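Sequence lines set the chain letters: A, B, ... in the order given, protein chains first and strands last, and positions in each chain run from 1. Atoms considered below: every heavy atom in the structure, side chains included; atoms not considered: hydrogens, waters and symmetry mates. All values derive from a computational prediction rather than experimental measurement.
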4 protein chains.
Amino acid sequence: MGDEPQPRLRADARRNRDRIVDAAKSWFATHGPEAPTEEIARSAGVAPGTLYRHFADREALIAAVAVNNLDHALAEAHAAVAEESSAWDALVRILRQSTELRLSFRLLTAYPHVHAVLKKEREADNSRRKMIALLDRVVRRAQSEGTLRTDVGTGDVAMMFALLAHPLSIEWTTTAQLASERCMSLLLESLRAGEAHDTLPGHALWPEDITTG
Amino acid sequence: MGDEPQPRLRADARRNRDRIVDAAKSWFATHGPEAPTEEIARSAGVAPGTLYRHFADREALIAAVAVNNLDHALAEAHAAVAEESSAWDALVRILRQSTELRLSFRLLTAYPHVHAVLKKEREADNSRRKMIALLDRVVRRAQSEGTLRTDVGTGDVAMMFALLAHPLSIEWTTTAQLASERCMSLLLESLRAGEAHDTLPGHALWPEDITTG
Amino acid sequence: MGDEPQPRLRADARRNRDRIVDAAKSWFATHGPEAPTEEIARSAGVAPGTLYRHFADREALIAAVAVNNLDHALAEAHAAVAEESSAWDALVRILRQSTELRLSFRLLTAYPHVHAVLKKEREADNSRRKMIALLDRVVRRAQSEGTLRTDVGTGDVAMMFALLAHPLSIEWTTTAQLASERCMSLLLESLRAGEAHDTLPGHALWPEDITTG
Amino acid sequence: MGDEPQPRLRADARRNRDRIVDAAKSWFATHGPEAPTEEIARSAGVAPGTLYRHFADREALIAAVAVNNLDHALAEAHAAVAEESSAWDALVRILRQSTELRLSFRLLTAYPHVHAVLKKEREADNSRRKMIALLDRVVRRAQSEGTLRTDVGTGDVAMMFALLAHPLSIEWTTTAQLASERCMSLLLESLRAGEAHDTLPGHALWPEDITTG
DNA sequence: GATGAATGAGTATTCATTCAT
DNA sequence: GATGAATGAATACTCATTCAT
């Protein structure tokens with residue numbers, strides 16, 4: 001969905017390109033946007049030159065990963081809209097599930113420069129606009145439904161979403177997982193029209209839950 | 001307040017150390033934890049050698065900055081508790097005002113390693129424990145007051161706090177500022193015991209508010 | 001005229017080979033002998049692999065260009081001899097007009113290695129010998145005519161020629177053009193038979209003095 | 001003479017800088033301006049980082065070498081003027097002896113870009129202007145003396161000089177040496193005032209004709 | 001203690017050349 | 001034969017850290 005470069009690539013080249021993007025995605029996710037290109041190439045099983053045949057420089061690679069993420073997220077979001085019975089449920093699912101989108105946000109955040117890059121590449125900019133447009137539709141529909149408070153806008157929702165796009169400071173344990181879900185629930189609750197508190201998942205977290213030693 | 005290295009330093013050395021920590025703090029805040037040591041030294045008005053006389057390596061410097069931040073945050077938090085009339089207000093003030101504390105979180109997040117470092121240095125670990133203990137007291141008191149929902153714990157509060165410790169992805173404009181404040185308000189609201197929505201600051205943000213082009 | 005590789009080439013292969021040599025010639029002329037092979041291939045409208053099917057490596061390509069130049073220069077020189085009424089006029093025309101020959105010299109100068117390469121390929125060496133022989137005839141004839149000073153030899157003439165084979169350091173403006181022509185005139189004048197010549201150091205240089213093998 | 005960077009350097013740093021320039025000079029002379037910086041550093045007996053501490057990039061190094069050459073040439077030229085009894089003899093000596101100056105010309109020729117670089121650095125530009133001014137004085141004085149033909153200008157002399165700034169295409173044997181000297185003699189002879197000169201094309205070239213700014 | 005020059009390992013990127021399609 | 005993707009060695013440049021002055 002908007003992921004291919006203009007001229008068709010030979011099948012093997014296409015496969016390499018995809019493997020590079022995948023490798024980059026996971027290195028960026030775990031080591032940040034400065035992850036060594038050589039490692040990325042090695043993970044993709046190609047020589048460094050091959051990486052550079054496909055992407056002019058690090059920035060181009062980052063943009064490609066961001067676009068790829070955005071496209072996947074967009075697909076997920078479309079599915080959510082199609083399959084969920086209410087706009088609110090779609091919104092919840094979009095926010096809860098889009099791991100890919102979160103990485104996009106992280107990259108954009110870390111490389112403010114990339115923002116500009118994305119806008120220049122028509123394809124990338126398209127994906128971005130589509131994502132925003134879709135979110136906007138869902139938000140407005142949820143407000144019509146009366147499930148989303150009406151004093152927030154799509155921008156507010158996107159912003160809150162961006163908050164969750166960061167890795168949490170504690171290691172990736174079951175507790176961290178739980179913490180993350182509880183945060184998400186609290187955030188969603190604050191967006192909900194009406195009063196009553198939902199039940200939060202798991203149990204309240206106290207100091208002893210977040211301190212290892 | 002727990003900031004000094006064991007042996008007393010000559011006055012000028014002490015001053016250098018402080019200037020380095022200050023310089024590092026602002027470079028880390030603006031350029032992230034990979035900011036070049038040479039630039040930090042230059043900003044502090046010292047030669048690189050001097051920086052390394054005081055701090056064995058980048059990690060030591062990060063730890064020092066984190067401790068320093070924590071100490072300042074602790075002081076602010078104490079003031080909040082002393083001066084605000086309710087635990088809730090104290091909590092709000094702590095969460096809203098502690099820029100220093102947010103930076104600490106960011107550093108810890110980016111350098112998970114530092115976590116361990118901090119725990120090893122008795123002094124640093126002390127500050128950390130004190131901060132957690134204070135927050136814990138405020139949280140429990142706010143729950144007794146009936147102002148904080150009782151299905152969340154200190155760990156949840158800290159976690160939400162951590163979310164706000166990241167820079168937002170859009171540039172530092174008035175809108176970004178507003179977005180940030182609205183997020184904070186929503187977060188606080190989700191922690192609040194009881195129903196009614198507060199009025200959010202400013203106006204709802206829509207796509208056109210967060211898109212430049 | 002001595003330009004074809006031993007076995008006959010298919011017509012399209014032949015055309016490719018020629019286009020590559022032409023492209024290389026102009027890249028070498030404008031960007032020097034280190035011009036990227038990929039660019040040369042692109043200019044020739046072929047893929048890099050095709051370039052390498054015709055020429056084993058950069059050196060082979062340079063040799064081919066040098067030979068090609070030499071052949072063209074030889075043709076020009078023959079025409080000059082045939083059409084000019086005196087040996088002196090022929091010499092002047094040869095020196096003034098042979099842009100191709102100048103490039104040959106430049107390449108040989110930059111890649112002393114190529115010298116050896118040229119001598120090994122019978123065909124290339126033939127062209128070289130023919131060029132020298134022709135020049136030698138013209139020089140001796142001009143001296144018989146009494147138009148060329150007799151204390152210089154073919155080697156001296158070739159050497160002065162080599163001097164003009166380099167691009168001038170100032171940009172390619174009208175002035176540069178003029179400067180270049182004035183130099184040429186001065187050089188020719190110094191070769192002219194006439195009164196009151198200084199004694200030149202050493203002895204006249206003849207072909208055997210500048211040819212190793 | 002205009003060779004030192006603004007602030008005084010520590011003695012050892014100064015020595016390193018000089019050794020780097022010397023090493024670069026000889027690598028550039030023998031391998032052209034693309035000679036690997038690492039080799040240059042090794043020849044100078046320093047690590048690559050040291051080279052880059054002194055010179056921001058290859059271009060800066062080239063500029064430094066060019067300036068250094070120019071300064072040496074300037075000194076030689078001053079000596080020639082002071083010690084020779086006629087302007088003509090001074091001119092001959094300047095042209096014959098300035099090996100350093102020839103290298104400068106070669107670098108400028110190969111890196112047209114460097115021209116611009118040189119003009120930006122005040123010090124470099126000064127040296128260049130001084131050299132031209134000195135040559136101009138000698139030329140005009142030689143013409144007053146009646147030893148230099150009056151239909152040539154300083155620009156023409158500089159241009160002819162530039163011709164000799166290139167390495168000759170044959171290896172560095174005794175014959176090559178001789179060839180080179182004979183060329184020089186012929187060139188000088190063509191500049192000599194005397195009878196029966198041909199008319200040169202255009203007009204004499206003076207400094208203002210070959211200087212852009 | 002402070003200085004700032006030197007070090008050298010680390011990394012991005014280029015490009016001649018090879019090889020699978 | 002042609003193609004153009006892949007290779008990987010070569011090389012410039014950076015920056016954390018060490019050390020002579």
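Relative to the side chain of D:Ala13, the nucleotides F:dT14, E:dA5, F:dA16 differ in distance, and E:dA5 lies closest.
Annotation: side-chain contact (heavy atoms from CB on, under 4.5 Å) contacts of D:Ala47 (sequence neighbours excluded): D:Thr50. For C:Glu39, the side-chain hydrogen bond (donor to acceptor under 3.5 Å, both in side chains) partners two or more places apart in sequence, or in a different chain, are C:Arg42. Taking the side-chain contact (heavy atoms from CB on, under 4.5 Å) definition, one finds that C:Arg53 meets it with nothing, sequence neighbours left out. Listed by chain and number, the residues in a side-chain hydrogen bond (donor to acceptor under 3.5 Å, both in side chains) with D:Tyr52 are D:Thr37 (sequence neighbours excluded). The side-chain contact (heavy atoms from CB on, under 4.5 Å) search around B:Asp57 returns B:Glu59, B:Ala60, not counting sequence neighbours. Applying the side-chain contact (heavy atoms from CB on, under 4.5 Å) test to D:Ala23 and every residue at least two apart in sequence or in another chain returns D:Ile40, D:Ser43, D:Ala44.
The residue among B:Asp12 and C:Asp57 whose nearest nucleotide of DNA chain E is located toward the 5' end is B:Asp12.
For residues 43-52 of chain A, no pair satisfies salt bridge (Lys or Arg N to Asp or Glu O under 4.0 Å), with sequence neighbours left out.
If you take CG of D:Leu61 and C1' of F:dC13, they are 13 Å apart, rounded to a whole angstrom. The separation between B:Glu34 atom CD and F:dT14 atom C1' is 14 Å, rounded to whole Å. Protein atom NE2 of A:His31 is 15 Å distant from nucleotide atom C1' of E:dG10, rounded to whole Å. Spacing between atom CZ of C:Phe55 and atom C1' of F:dG1 amounts to 15 Å, rounded to whole angstrom units. Residue C:Arg19 contributes atom CZ, which lies 13 Å from atom C1' of F:dA2 at whole-angstrom precision. Atom-to-atom, CH2 of D:Trp27 to C1' of F:dT11 comes out at 13 Å; the value is rounded to the nearest Å. Separating the CZ atom of A:Arg15 from the C1' atom of E:dT21 is a distance of 12 Å, rounded to the nearest angstrom.
Contact annotation: D:Arg58 side-chain N/O to F:dA12 OP1/OP2 distance is under 4.0 Å. A:His54 has no side-chain polar atom (N or O) that falls below the 4.0 Å cut-off from OP1 or OP2 of F:dA5.
Note that CZ of D:Arg17 is 8.0 Å distant from CG of D:Asn68, once rounded to the nearest 0.5 Å. Note: A:Leu51 CG to A:Glu38 CD = 10.5 Å, rounded to the nearest 0.5 Å.
Inter-residue side-chain proximity for B:Leu61 and B:Arg58 is flagged as unmet; no heavy-atom pair is nearer than 4.5 Å. Within the 4.5 Å cutoff, no side-chain heavy atoms of A:Arg19 are placed close to those of A:Val46.
Both key distances under 3.5 Å define a Watson-Crick or G-U pair, and stretches of 3 or more such consecutive pairs in DNA chain E run E:2-21 with F:2-21.
Within residues 36-43 of chain D, the residues having any heavy atom under 4.0 Å from DNA chain F are, by residue number, D:Pro36, D:Thr37, D:Glu38.
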Taking only N/O atoms, report every protein-nucleotides 7-10 of chain F pair under 3.5 Å with atom names and distance.
from, atom 1, to, atom 2, distance (Å)
F:dT7, OP2, A:Ala47, N, 3.0
F:dT7, OP2, A:Thr50, OG1, 2.7

